[in-house]
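I have placed the structure first, in the form of structure tokens, so that the comments after it can refer back to it.
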Amino acid sequence: MPELPEVETVRRDLQAHLVGRTIESVSIGREDILRSTDCARLVAALTGHEVLSVGRLGKNLIVELSGDTVVLVNLGMTGQFFVCEACAEIDEHAHLVAELSDGMRLVFRDIRRFGHIELARAQSVGESFTLRNVGVDAMSDEFTAERLEEMLAGRSALLKNALLDQRRVAGLGNIYVCEALFRARISAVARCGELAPEEVQRLHRAIREVLRESIAAEGTTISDYVTGRGVPGSFQERLRVYGREGERCRRHGCTGTITRIVQSNRPTFHCPECQSSGGMNRGESY
DNA sequence: CGGACAACCTGGTTGC
DNA sequence: TGCAACCAGGTTGTCC
């Protein structure tokens with residue numbers, strides 16, 4: 001579920017509502033969500049410590065605590081990480097609950113448990129399990145059109161797969177890759193190496209634009225995602241292709257129909273009519 | 001290198 | 001109604 005805009009929304013909420021608070025107590029319901037640590041060590045690292053900052057790299061949250069410790073959180077598909085009133089209801093999917101010095105509560109909840117929490121030393125976060133394979137963040141200044149061009153140059157891989165690969169550009173998931181390709185009018189079946197420089201520029205702009213707009217809307221809620229305050233986002237209303245199979249293409253002047261295909265076992269939504277760039281010379285049009 | 005696939009999980013939806 | 005099959009925003013590892 002959570003891609004860059006959702007994780008950035010959570011980060012902003014936690015930056016506002018967690019930083020400066022001290023964690024007074026922690027209870028962990030399931031040890032299998034922990035990486036590179038165990039209940040006892042995580043409880044010790046959190047209890048009595050102040051939250052100094054909440055950062056993000058790609059889809060990962062980086063919570064810096066007093067005591068030279070960093071807690072890394074990846075939300076997987078259904079993970080939620082939010083601050084709520086201490087009286088709010090807690091169910092069996094809340095795997096970590098921390099009481100805060102201001103009387104609020106921090107909850108990590110994850111139905112499918114694809115998410116995880118890792119404990120790392122502040123000076124070696126880069127070598128952590130969670131961050132060691134993460135590339136340049138899609139919203140950072142280092143992610144330029146030139147950088148994107150380098151990533152794609154000469155490669156035969158499916159463009160969509162390359163954009164989903166967190167080791168290259170970090171933060172995009174299935175929804176925003178579909179949306180960015182649509183906005184850039186690039187074929188959903190294009191290969192990395194066949195994009196013209198101008199198409200790479202367009203793709204770069206489209207990626208930044210869709211991520212920025214979604215962050216402004218506090219992310220996309222399809223089923224489980226909530227912000228760091230526990231409420232849904234609203235960008236689902238503004239998706240142009242994702243989940244819109246069978247609908248008329250929303251591009252002005254295009255009479256195409258949004259189509260769902262499967263690539264690498266994951267659904268791709270696109271308009272075969274107006275997403276044509278990058279796929280012109282492959283003889284795959286019909 | 002690239003892609004296909006399984007695995008890790010639960011729960012909602014679909015179809016017989 | 002019941003139940004099996006299938007589907008889902010992610011990541012990692014294996015195999016070919």
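Below, all heavy atoms of this structure are taken into account, side chains as well, without hydrogens, waters or symmetry copies.
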Problem set entry | Separation of atom CG in A/D32 from atom P in B/dC9, rounded to whole Å | 7 Å
Enumerate, atom names and distances included, each donor-acceptor pair closer than 3.5 Å involving a side-chain atom of residues 234-241 of chain A, sequence neighbours excluded.
| from | atom 1 | to | atom 2 | distance (Å) |
| --- | --- | --- | --- | --- |
| A/S234 | OG | A/A217 | O | 3.1 |
| A/Q236 | OE1 | A/T221 | N | 2.9 |
| A/Q236 | NE2 | A/G233 | O | 2.9 |

Exercise. Which part of the nucleic acid, if any, lies within reach of A/S214 when heavy atoms closer than 4.0 Å are counted: base, sugar-phosphate only, or nothing?
Worked result: nothing
For this session: Quickly work out the A/I111 CD1 to B/dG12 C1' distance and round it to whole Å.
Result: 10 Å
For this session: Could you work out the complete set of other residues in the hydrophobic cluster of A/V262, with links drawn between I, L, V, M, F, W and Y side chains under 4.5 Å apart?
Result: none
Exercise. Once each nucleotide of nucleotides 11-16 of chain C is scored for protein heavy atoms under 4.0 Å, what B/S/- sequence comes out, 5' to 3'?
Worked result: SS----
Exercise. Does a side chain donor of either A/Y225 or A/E3 reach within less than 3.5 Å of an acceptor in the other side chain?
Worked result: no
Problem set entry | Rounded interatomic separation in angstrom, taking CG from A/L75 and P from B/dC9 | 18 Å
Exercise. How does the hydrophobic cluster around A/V70 look, that is, which other residues are in it when side-chain heavy atoms under 4.5 Å mark a link?
Worked result: A/L57, A/I62, A/L72, A/V125, A/L131, A/V134
For this session: Only pairs at least two apart or in different chains count here, so list each side chain to side chain donor-acceptor pair (under 3.5 Å) that has a residue in residues 41-52 of chain A.
Result: A/H49-A/S66
For this session: Considering only atom P, compute the distance from C/dA5 to B/dA6 and round it to an integer number of Å.
Result: 15 Å
Seminar exercise, completed: When rounded to whole Å, the CG to P distance for the pair A/D110 and B/dC9 reads 12 Å
For this session: Assess the side chains of A/T130 and A/E118: does a donor N or O sit below 3.5 Å from an acceptor N or O?
Result: yes
Exercise. How is A/R260 classified with respect to the nucleic acid when contacts are heavy atoms under 4.0 Å: base, sugar-phosphate, or nothing?
Worked result: sugar-phosphate
List every contact pair, protein side and nucleotides 2-8 of chain B side both N or O, where the distance is under 3.5 Å.
| from | atom 1 | to | atom 2 | distance (Å) |
| --- | --- | --- | --- | --- |
| B/dG2 | OP1 | A/R155 | NE | 3.2 |
| B/dG2 | OP2 | A/R155 | NE | 3.4 |
| B/dG2 | OP2 | A/R155 | NH2 | 3.0 |
| B/dG3 | OP1 | A/L158 | N | 2.8 |
| B/dG3 | OP1 | A/R191 | NH1 | 2.6 |
| B/dG3 | OP2 | A/N161 | ND2 | 3.4 |

Seminar exercise, completed: For A/V231, the other hydrophobic cluster members (4.5 Å side-chain criterion, sorted by chain and number) are none
For this session: Tell me, please, which residues at least two apart from A/E213 pass salt bridge (charged side-chain N to carboxylate O under 4.0 Å, His left out).
Result: A/R183
Seminar exercise, completed: Connected to A/I111, directly or through other members, by ILVMFWY side-chain contacts below 4.5 Å are none
Seminar exercise, completed: Sequence neighbours excluded, the answer for side chain to side chain contact (heavy atoms under 4.5 Å, CB included) partners of A/A157 is A/R155, A/C192
For this session: Take atom CD of A/E3 and atom P of C/dA8, then tell me their distance rounded to the nearest Å.
Result: 14 Å
Problem set entry | Runs of at least three consecutive pairs that involve DNA chain B, where pairs are Watson-Crick or G-U with distances under 3.5 Å | B:2-8 with C:10-16, B:10-16 with C:2-8
Exercise. In whole Å, what separates the P atom of B/dC5 from that of C/dC6?
Worked result: 14 Å
Exercise. Does any pair with a residue in residues 157-167 of chain A pass side chain to side chain donor-acceptor pair (under 3.5 Å), and if so which ones, sequence neighbours excluded?
Worked result: A/K160-A/N174, A/K160-A/T268, A/N161-A/S264, A/D165-A/R167, A/D165-A/R168
